[in-house]
Engineer: 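I'd like to ask some things about the structure below.
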2 protein chains.
Amino acid sequence: MPRSQPRPEELPGALPPVPSEHPSPSARSTKESLLDAAERLFAARGFEGTSLRAVTQAAGQSVSAAHYHFGGKRGLLRATLERRLRPVVEGRLRMLDALEARGTAPRVEEVLEAFLRPTFGGGAEAAGARARFVAARLFSDPPELVGPLIRELFGEVHRRFLDALEAALPPGTARREIELGFRMVVGATVQLLGAQPPREGTEPWPAVPEELVPRLVRFTAAGLRALAAAEQAR
Amino acid sequence: MPRSQPRPEELPGALPPVPSEHPSPSARSTKESLLDAAERLFAARGFEGTSLRAVTQAAGQSVSAAHYHFGGKRGLLRATLERRLRPVVEGRLRMLDALEARGTAPRVEEVLEAFLRPTFGGGAEAAGARARFVAARLFSDPPELVGPLIRELFGEVHRRFLDALEAALPPGTARREIELGFRMVVGATVQLLGAQPPREGTEPWPAVPEELVPRLVRFTAAGLRALAAAEQAR
DNA sequence: GTATGTTTGAAACGGTTGTTCGAATCAATC
DNA sequence: GATTGATTCGAACAACCGTTTCAAACATAC
């Protein structure tokens, strides 16, 4: 019975999914139009608050197309998140690599800039602003779906940046103190990422990356140094 | 036709709703059991991700009870948020009042402590930890519902704390710089509030208010001062 | 008791949800 | 031109959604 069902996305452990050997150009545009619409709607109304039909309708596609390409609604969210997060992660690691390949030890500000700059990457244009929708979603959408993705994408990054901060801060600073400070860095970043949220009902707070990143670096570097100094003085 | 429909919650502009002149003790426990269940479930799965039936079932009540007491699902969310946010707002204002009633001008750290302490109020016990669920929800649930509530509850608070910070920081610091810094304060706070989120699927990050508040004050005070100093040097 | 207004319960309403199915369409290969 | 596999579409599925309805149960005042 040749009931073949060739889902492009991962099946459990079957033969390699044959990832679209010949992806027709229309298939590419179908996938991307779905991702674009999903990104916009998930950002505005959240995952549970957005119906698959709303996405496909906005994309001008059929519901079954979404299932065919992404395996369902959850797969669509995952793909949407991954598309925007992957470049951020890669940018962070690349900048940190460059920093550590240099001879002299990196300063706290440099490590933080390597972490923050790719977050606001892509300039101030629409694509960059849109890309930042993920921040809000990361902390609100189904944890059993987003949680593993965060660990998979950000696990190595967080470890490496914690190490780099430990090396840049005064020696003897407790690891837990650094972890706590790093969480605050992330928090401040996420909050400013939402400065231009593509959320309906919230008026944007005009800000461009060129303005935000230096402030963020200045603020968080001083914060981390203060934590280390207080630890030192004890 | 005496088809009376005495909703305890607000009707548009009709006569005062007669807010339960004789609230039977069972009615109180009904409302509170609903609020407790709603709080737990909304925190874990979000507003749209939680069905009203799941809430009423967990509370051991009927669906109509929720509609009767809160006017529907949205009213239930609003009541849930309000119950936890109101004390925080009042605590912040009270501490700021006390600070300003004193003779000497408050320091940055004191203003920040007045802002942060009530946020982590209630100690480390379950009620306090549970109360913090709101932070996550505030930035993810339907903006057209939560947005007005935020402005209503936090509008005055934010304005007053911005003024207090402006007075405590070196004179001449640009207002926008302070607003930006304040957003980072909020971001760092929210992030640490989620240190023990009652979210399924995310392992908690053990931390108690006594440990977090001083770190938060230290970190953000240094950050704000750094922003002001850079502004000064220009 | 009766009367009055508040609170609960069970069932049903219309509408929407994510997903599945089977046939139709398309592009490329033999 | 037939075969093969990838893609698209519309229709249908069962399950669930928030809300409403109506009657029973309740407490309190007369």
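Throughout, a chain's letter reflects where its sequence line sits, starting with A, and its residues are numbered from 1.
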Engineer: Rounded to the nearest 0.5 Å, how far does CZ of B:Phe182 lie from NE2 of B:His158?
Structural biologist: 4.5 Å
Engineer: Could you state the CD-P distance from A:Gln57 to C:dT16, rounded to the nearest angstrom?
Structural biologist: 11 Å
Engineer: Mind calculating the distance between OH (B:Tyr68) and P (C:dA10) to the nearest angstrom?
Structural biologist: 18 Å
Engineer: Distance-only, no hydrogens or angles: does the B:Arg183 side chain make a donor-acceptor pair with backbone N or O of A:Leu192 under 3.5 Å?
Structural biologist: no
Engineer: Let me see the working for B:Arg160 and B:Asp97 under salt bridge (Lys or Arg N to Asp or Glu O under 4.0 Å), right down to the final yes or no.
Structural biologist: CA-CA 10 Å; B:Arg160 285 201 52 192; B:Asp97 284 340; 2.9 Å; yes
Engineer: Please state how far atom CZ in A:Arg74 lies from atom C1' in C:dT17, giving the value in whole angstrom units.
Structural biologist: 15 Å
Engineer: Give a yes or no on whether a salt bridge exists between B:Glu48 and A:Arg45, defined as a side-chain N under 4.0 angstrom from a carboxylate O.
Structural biologist: no
Engineer: How many whole angstroms separate atom NE2 of B:His67 from atom P of C:dA11?
Structural biologist: 18 Å
Engineer: Would you say C:dT6 has OP1 or OP2 under 4.0 Å from some side-chain N or O of B:His69?
Structural biologist: no
Engineer: Report which part of the nucleic acid B:Thr50 touches: base, sugar-phosphate, or nothing (heavy-atom distance under 4.0 Å, all strands).
Structural biologist: sugar-phosphate
Engineer: Just compare D:dT8, D:dT19, C:dT19 and give me whichever is closest to any side-chain atom of A:Arg53.
Structural biologist: C:dT19
Engineer: Start at the 5' end of DNA chain C and walk down; is the nucleotide closest to A:Leu52 or to B:Ser64 reached first?
Structural biologist: B:Ser64
Engineer: Please report the distance, rounded to the nearest Å, between NZ in B:Lys73 and P in D:dT20.
Structural biologist: 15 Å
Engineer: Please report, rounded to the nearest Å, how far the C1' atom of D:dG18 is from the CD atom of A:Glu48.
Structural biologist: 16 Å
Engineer: Should the side chain of A:Ser51 and the base of C:dG18 be counted as holding a donor-acceptor pair, with the cut-off at 3.5 Å?
Structural biologist: no
Engineer: Using a 4.5 Å cut-off on heavy atoms from C-beta on, say whether the side chain of A:Arg78 contacts that of A:Lys73.
Structural biologist: no
Engineer: Tell me if a side-chain donor or acceptor on A:Thr80 pairs with a main-chain N or O of A:Glu39 at a distance below 3.5 Å.
Structural biologist: no
Engineer: Would you say the side chain of A:Ser62 and the base of D:dG10 hold a donor-acceptor pair, judged only by whether the two atoms sit under 3.5 Å apart?
Structural biologist: no
Engineer: Atom CZ of B:Arg45 to atom P of C:dT17: distance rounded to whole Å?
Structural biologist: 20 Å
Engineer: In whole Å, I'd like the distance from the CZ atom of A:Phe70 to the C1' atom of C:dG18.
Structural biologist: 16 Å
Engineer: Counting heavy atoms from C-beta on, name the nucleotide in D:dT19, C:dT19, C:dG9 closest to the side chain of B:Gln61.
Structural biologist: C:dG9
Engineer: Could you label the plane-to-plane angle of the B:Phe42 and B:Phe47 rings as parallel, tilted or perpendicular, counting under 30° as parallel and over 60° as perpendicular?
Structural biologist: tilted
Engineer: To the nearest 10°, let me know how far the axis at one end of the helix from C:dG1-D:dC30 to C:dC30-D:dG1 is tilted from the axis at the other, five pairs an end.
Structural biologist: 10°
